[in-house]
Participant: 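The following block contains the structure, expressed as structure tokens.
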Amino acid sequence: MKGDIGANTPSRSLRVLHIEDSELDHELAMAHLRRGGAQVQALRVDSELAFRAALRERWDVILSDFNIPGFSGLHALDILRESGVQVPFILVSGEIGEDVAVQAMRNGAADYLLKANLARLAPATEHAIDAFETLRARQRADRELAASRQRLSELAQHLQTSVEMERAAIAREIHDDVGGSLSALKFDLAWMARHAATPELKARLDSAMETVTHALEASQRIMHNLRPAILEQGLVAALQWMANRFERRTGVVCTFRTSHDNPQLPPGVPLVAYRTAQEALTNISKHAQATRVSIDLSLVQGVLSLEVSDNGRGLSEADLTKARSFGIRGLHERASTVGGWVDLSSSAAGTTLILSIPLGHYTTGPAEGTHPGDSEHDPSAWGEL
């Protein structure tokens with residue numbers, strides 16, 4: 001029901017809790033509400049104890065006098081707020097200063113009015129109830145949206161964990177089955193080459209040996225991409241190796257600096273940091289046109305920070321719009337699996353990506369390392385924005 005409560009408006013049942021020490025003023029206020037078309041069920045209380053007890057029941061609106069012996073409207077408002085009960089609160093007083101009225105509104109009061117102007121009580125009450133119902137509906141929608149986002153985040157994290165476990169299993173199979181079979185074949189080909197009867201046969205066997213060697217190298221490269229064994233030596237060693245390999249492969253100067261030679265990190269964190277740096281370098285090599293790259297790893301006040309920056313052409317507005325879709329979202333989801341976050345900034349002077357992970361009590365916890373349950377993401381996700 002909108003607008004003023006009037007004779008042509010369908011009546012509504014209204015449960016009113018009235019904090020008032022004057023029975024006459026109480027009856028007058030209720031009469032104005034009934035005149036406005038409401039079917040009023042009211043309870044009058046005039047003490048803090050009675051008010052606290054009444055809050056156990058359900059009310060549509062609370063009306064409160066400002067001055068009550070041993071009690072006050074502002075104190076009642078504080079009690080209501082602390083109780084967690086959600087109900088509109090209207091301050092009604094014989095006289096109230098503007099400063100007090102403003103303070104009441106800031107503390108959560110829905111409205112205030114003077115007893116000399118009770119003709120406004122019915123529409124003010126109706127407006128307060130409607131506004132409060134709208135607020136509660138919006139709060140419910142916000143809670144449902146937050147819950148939905150949380151479920152999506154949990155699903156994304158579960159999928160990343162599942163992908164990592166599957167990759168670890170595939171890497172083991174490649175190592176145990178494919179790698180073992182190729183190594184055995186290489187030994188057999190080497191034996192046959194040593195005992196070849198003709199130069200033609202030896203040449204064919206040497207060619208087969210070269211093919212098998214390439215296949216072994218490819219399987220090792222695939223295993224490394226699936227599960228970087230270098231991380232077993234620690235995150236610092238892995239990032240140093242990555243920087244050196246990137247410089248050799250691309251010719252771009254890549255420097256690595258760290259504040260700790262052997263930081264103690266919880267499980268999962270090294271892999272997240274490693275993959276983040278890997279994706280950043282992949283993106284730089286493909287798109288940045290940089291001549292200098294730096295990787296900085298620091299641990300300050302319990303927060304691990306990994307910064308990868310370049311002096312390339314930077315990201316355009318279109319790049320940034322695209323980066324905010326699945327690529328950067330994947331980085332955020334991976335970082336969130338260990339309680340971290342990712343910041344990306346870019347200008348004509350280059351691009352900087354920063355991964356931050358609060359470690360808390362893990363700072364001096366178990367040594368860094370990885371296991372099949374660590375979260376992981378496709379290393380080309382950000383590089384292929």
Side-chain angles (χ1 to χ4, degrees), residues 1-7 9-94 96 100-115 117-144 146-147:
M1 180 170 58
K2 301 293 183 183
D4 292 353
I5 306 175
T9 306
S11 63
R12 74 186 289 176
S13 178
L14 200 62
R15 288 179 53 81
V16 181
L17 176 59
H18 194 186
I19 307 173
E20 175 60 71
D21 61 329
S22 170
E23 180 66 29
L24 181 61
D25 287 348
H26 167 68
E27 291 298 337
L28 183 60
M30 296 307 104
H32 275 276
L33 290 178
R34 292 188 182 99
R35 190 176 303 131
Q39 297 179 0
V40 180
Q41 300 177 35
L43 173 65
R44 183 178 69 87
V45 296
D46 58 5
S47 68
E48 178 180 344
L49 184 61
F51 175 61
R52 289 183 181 275
L55 285 178
R56 301 190 185 101
E57 302 181 38
R58 184 191 65 80
W59 303 102
D60 295 312
V61 65
I62 297 176
L63 306 179
S64 177
D65 192 4
F66 178 66
N67 286 313
I68 303 169
F71 200 28
S72 74
L74 291 181
H75 186 36
L77 184 57
D78 290 338
I79 293 173
L80 176 65
R81 186 174 54 188
E82 293 170 1
S83 70
V85 176
Q86 293 189 326
V87 59
F89 186 99
I90 299 178
L91 199 60
V92 183
S93 178
I96 182 172
V100 175
V102 171
Q103 181 182 353
M105 298 294 286
R106 286 178 176 173
N107 289 350
D111 204 346
Y112 68 93
L113 61 149
L114 298 175
K115 290 183 178 181
N117 188 24
L118 286 182
R120 199 170 71 86
L121 179 59
T125 299
E126 182 68 13
H127 179 268
I129 293 174
D130 288 344
F132 206 77
E133 288 176 351
T134 300
L135 174 62
R136 285 192 291 190
R138 185 167 65 247
Q139 289 174 340
R140 284 195 299 270
D142 290 343
R143 288 194 297 268
E144 291 171 0

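Note that these values count all heavy atoms, side chains included, but never hydrogens, waters or copies made by symmetry.
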Participant: Taking only residues two or more places apart in sequence or in another chain, which ones pass salt bridge (charged side-chain N to carboxylate O under 4.0 Å, His left out) with R120?
Facilitator: D111
Participant: Check side-chain contact (heavy atoms from CB on, under 4.5 Å) between A119 and all other residues, then give those that pass, not counting sequence neighbours.
Facilitator: N117
Participant: For E82, enumerate each residue passing the side-chain hydrogen bond (donor to acceptor under 3.5 Å, both in side chains) test, keeping only those at least two apart in sequence or located in another chain.
Facilitator: none
Participant: Quick one: side-chain contact (heavy atoms from CB on, under 4.5 Å) partners of L114, sequence neighbours excluded?
Facilitator: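 side-chain contact (heavy atoms from CB on, under 4.5 Å) check on L114 returns I96.
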Participant: For the residue pair L77 and L91, establish whether any side-chain heavy-atom pair is separated by less than 4.5 Å.
Facilitator: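 Contact flag for L77/L91 side chains = no.
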Participant: Identify the heavy atoms of R44 and E23 that sit nearest to each other, and give their distance.
Facilitator: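 Nearest heavy atoms, R44 then E23: NE-OE1, 2.9 Å.
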Participant: Does E133 have any side-chain hydrogen bond (donor to acceptor under 3.5 Å, both in side chains) partners at least two apart in sequence or in another chain, and if so, which?
Facilitator: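 E133 satisfies side-chain hydrogen bond (donor to acceptor under 3.5 Å, both in side chains) with no other residue.
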Participant: State which residues pass side-chain contact (heavy atoms from CB on, under 4.5 Å) with R15; sequence neighbours excluded, sorted by chain then number.
Facilitator: Q41, E57, R58, W59, D60
Participant: What distance separates R52 CZ from L80 CG, expressed to the nearest 0.5 Å?
Facilitator: 11.0 Å
Participant: Measuring from atom CG of L121 to atom CD of E126, what distance do you get when rounded to the nearest 0.5 angstrom?
Facilitator: 11.5 Å
Participant: How would you list, by chain and number, every residue that makes a ring-ring contact (aromatic ring centres under 6.0 Å, His included) with H26, sequence neighbours excluded?
Facilitator: H18
Participant: If you apply the rule side-chain contact (heavy atoms from CB on, under 4.5 Å), what do you find for V92 with D25, and how did you get there?
Facilitator: CA-CA 10 Å; V92 183; D25 287 348; over 6 Å; no
Participant: Which heavy atom of F51 sits nearest to which heavy atom of A76, and what is that distance?
Facilitator: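 For F51 and A76, the tightest heavy-atom pair comes out as CE2-O, 3.4 Å.
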Participant: Which heavy atom in F89 sits nearest to a heavy atom in S64, and how many Å separate them?
Facilitator: CZ-CB, 3.4 Å
Participant: List in chain and number order the residues that pass side-chain hydrogen bond (donor to acceptor under 3.5 Å, both in side chains) with E144, two or more places apart in sequence or in another chain; answer none if no residue qualifies.
Facilitator: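 So E144 forms no side-chain hydrogen bond (donor to acceptor under 3.5 Å, both in side chains) with any residue.
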Participant: To check you understand the geometry: which heavy-atom pair defines the closest contact between I90 and T125, and what is its length?
Facilitator: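 Taking every non-hydrogen atom into account, CD1-CA, 3.7 Å.
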Participant: Restricting to salt bridge (charged side-chain N to carboxylate O under 4.0 Å, His left out), what partner residues turn up for R140, sequence neighbours left out?
Facilitator: none
Participant: Give, for atom CD1 of I19 and atom CD1 of I79, the distance between the pair rounded to the nearest 0.5 Å.
Facilitator: 8.0 Å
Participant: Identify which one of V61, L118, V40 satisfies the side chain to side chain contact (heavy atoms under 4.5 Å, CB included) criterion when paired with L33.
Facilitator: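 Single pass found, and it is V40.
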Participant: For residues 63-80, which residue pairs pass the salt bridge (Lys or Arg N to Asp or Glu O under 4.0 Å) check, not counting sequence neighbours?
Facilitator: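 Listed by first then second residue: D65-K115, D78-R81.
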Participant: D46: what forms a side-chain hydrogen bond (donor to acceptor under 3.5 Å, both in side chains) with it, not counting sequence neighbours?
Facilitator: none
Participant: Do S93 and Y112 have side chains that get closer than 4.5 Å, going by heavy atoms?
Facilitator: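 Not touching, per the 4.5 Å side-chain cut-off.
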Participant: Name all residues meeting the ring-ring contact (aromatic ring centres under 6.0 Å, His included) criterion together with F71; count only those two or more places apart in sequence or in a different chain, and write none if there are none.
Facilitator: H75
